[in-house]
Trainee: 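Below: one structure in structure tokens.
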Amino acid sequence: QVQLVESGGGLVQPGGSLRLSCAASGFTLGDYAIGWFREAPGKEREGFGCISKADATTYYTMPVKGRFTISRDNAKNTAYLQMNNLKPDDTAVYHCATDSNCHHYEDYTQFGMDYWGKGTLVNVSL
């Protein structure tokens with residue numbers, strides 16, 4: 001069975017931290033770049049980060065730069081998203097997805113989406 005499964009979401013206070021996992025099964029995650037996307041209520045789906053396949057180079061958009069860190073452990077077939085100093089505006093359903101590269105990570109309509117997880121909800125609130 002080919003799957004991407006996100007986990008680790010939940011309720012967290014502003015300023016807090018959360019670590020999301022993106023676990024692949026049925027395929028080799030190391031063969032792909034991994035993009036992270038989020039969908040907040042009333043907003044378009046937003047691509048905010050990506051980690052490349054070859055050298056694990058990371059890319060971030062301004063809203064998360066300096067607060068979020070993407071990593072990968074190919075031996076575990078898993079990618080991670082470490083989120084620090086969370087803000088209420090970070091509240092969203094978070095997804096991971098795959099592509100051959102990170103060129104279109106900011107635009108989910110152009111990201112390859114060879115595989116796309118169901119997402120995990122992050123709620124930043126008191």
Trainee: Can you confirm whether or not the ring centre of His95 sits under 6.0 Å from the ring centre of Trp36?
Mentor: no
Trainee: Where do Cys96 and Ile34 come nearest, in terms of heavy atoms and distance?
Mentor: CB-CG2, 4.3 Å
Trainee: Nearest 0.5 angstrom please: Asp31 CG to Asn74 CG, how far?
Mentor: 8.5 Å
Trainee: Quick check for you: to the nearest 0.5 Å, what is the distance between Thr58 atom OG1 and Asp55 atom CG?
Mentor: 9.5 Å
Trainee: Look at the aromatic rings of Tyr105 and Tyr59 and report parallel, tilted or perpendicular, splitting at 30° and 60°.
Mentor: tilted
Trainee: Check whether Asn85 reaches the backbone of Arg67 with its side chain - one donor and one acceptor, N or O, closer than 3.5 Å.
Mentor: no
Trainee: Run the numbers on Tyr108 and Glu39 for side-chain contact (heavy atoms from CB on, under 4.5 Å), then give the verdict.
Mentor: CA-CA 11 Å; Tyr108 79 94; Glu39 188 171 6; over 6 Å; no
Trainee: Short question: side chain of Asn77, backbone of Ala24 - any donor-acceptor pair under 3.5 Å?
Mentor: yes
Trainee: Within the distance-only criterion (no hydrogens, no angle test), does the side chain of Arg72 pair as donor or acceptor with the backbone N or O of Leu29 below 3.5 angstrom?
Mentor: yes
Trainee: Can you list the other members of the hydrophobic cluster that holds Leu121, where links are side-chain heavy atoms under 4.5 angstrom apart?
Mentor: Val93
Trainee: If Ile, Leu, Val, Met, Phe, Trp and Tyr residues are connected whenever their side-chain heavy atoms lie under 4.5 Å apart, and connections chain through other members, are Leu4 and Tyr80 in the same group?
Mentor: no
Trainee: If we only count heavy atoms from C-beta on, is the Asp90 to Phe48 side-chain gap below 4.5 Å?
Mentor: no
Trainee: To check you understand the geometry: which heavy-atom pair defines the closest contact between Cys50 and Ala33, and what is its length?
Mentor: SG-CB, 4.2 Å
Trainee: Which class fits the ring pair Phe37 and Trp116: parallel under 30°, tilted 30 to 60°, perpendicular over 60°?
Mentor: tilted
Trainee: Nearest heavy-atom pair of Thr120 and Gly8: which atoms, and what distance?
Mentor: OG1-N, 4.1 Å
Trainee: Could you give the distance from OG (Ser52) to CG (Asp99), rounded to the nearest 0.5 Å?
Mentor: 12.0 Å
Trainee: Should Phe68 and Leu86 count as side-chain neighbours, where that means a heavy-atom distance under 4.5 Å?
Mentor: yes
Trainee: How long is the straight-line distance from CG of Asp73 back to NZ of Lys76, given to the nearest 0.5 Å?
Mentor: 5.5 Å
Trainee: For the residue pair Arg38 / Tyr94, report whether a side-chain donor-acceptor contact shorter than 3.5 Å exists.
Mentor: yes
Trainee: Hey, are the side chains of Met83 and Val12 touching, using non-hydrogen atoms and a 4.5 Å cut-off?
Mentor: no
Trainee: Under 3.5 Å, side chain of Glu6 to main-chain N/O of Lys118, donor-acceptor pair present?
Mentor: yes
Trainee: Working to the nearest 0.5 angstrom, can you tell me the gap between Cys22 SG and Leu81 CG?
Mentor: 10.0 Å
Trainee: So do the side chains of Leu20 and Val122 get within less than 4.5 Å of each other, counting heavy atoms only?
Mentor: yes
Trainee: As a quick check of understanding, evaluate side-chain hydrogen bond (donor to acceptor under 3.5 Å, both in side chains) for Asn123 and Ser125, giving each step before the final call.
Mentor: CA-CA 6 Å; Asn123 187 9; Ser125 176; 4.9 Å; no
Trainee: Could you walk me through whether Lys53 and Asn101 pass side-chain contact (heavy atoms from CB on, under 4.5 Å), step by step?
Mentor: CA-CA 7 Å; Lys53 173 183 66 177; Asn101 57 62; over 6 Å; no
Trainee: So, Phe27 versus Tyr115, ring centres under 6.0 angstrom or not?
Mentor: yes
Trainee: Could you note down all residue pairs passing side chain to side chain donor-acceptor pair (under 3.5 Å) where residues 12-22 supplies at least one of them, sequence neighbours left out?
Mentor: Ser17-Asn84
Trainee: First locate atom OG1 of Thr109, then atom CZ of Phe111, and finally report the distance between them rounded to the nearest 0.5 Å.
Mentor: 12.0 Å
Trainee: Please find the pair of heavy atoms, one from Thr91 and one from Pro41, that lie closest to each other, and give the distance.
Mentor: O-CD, 4.2 Å
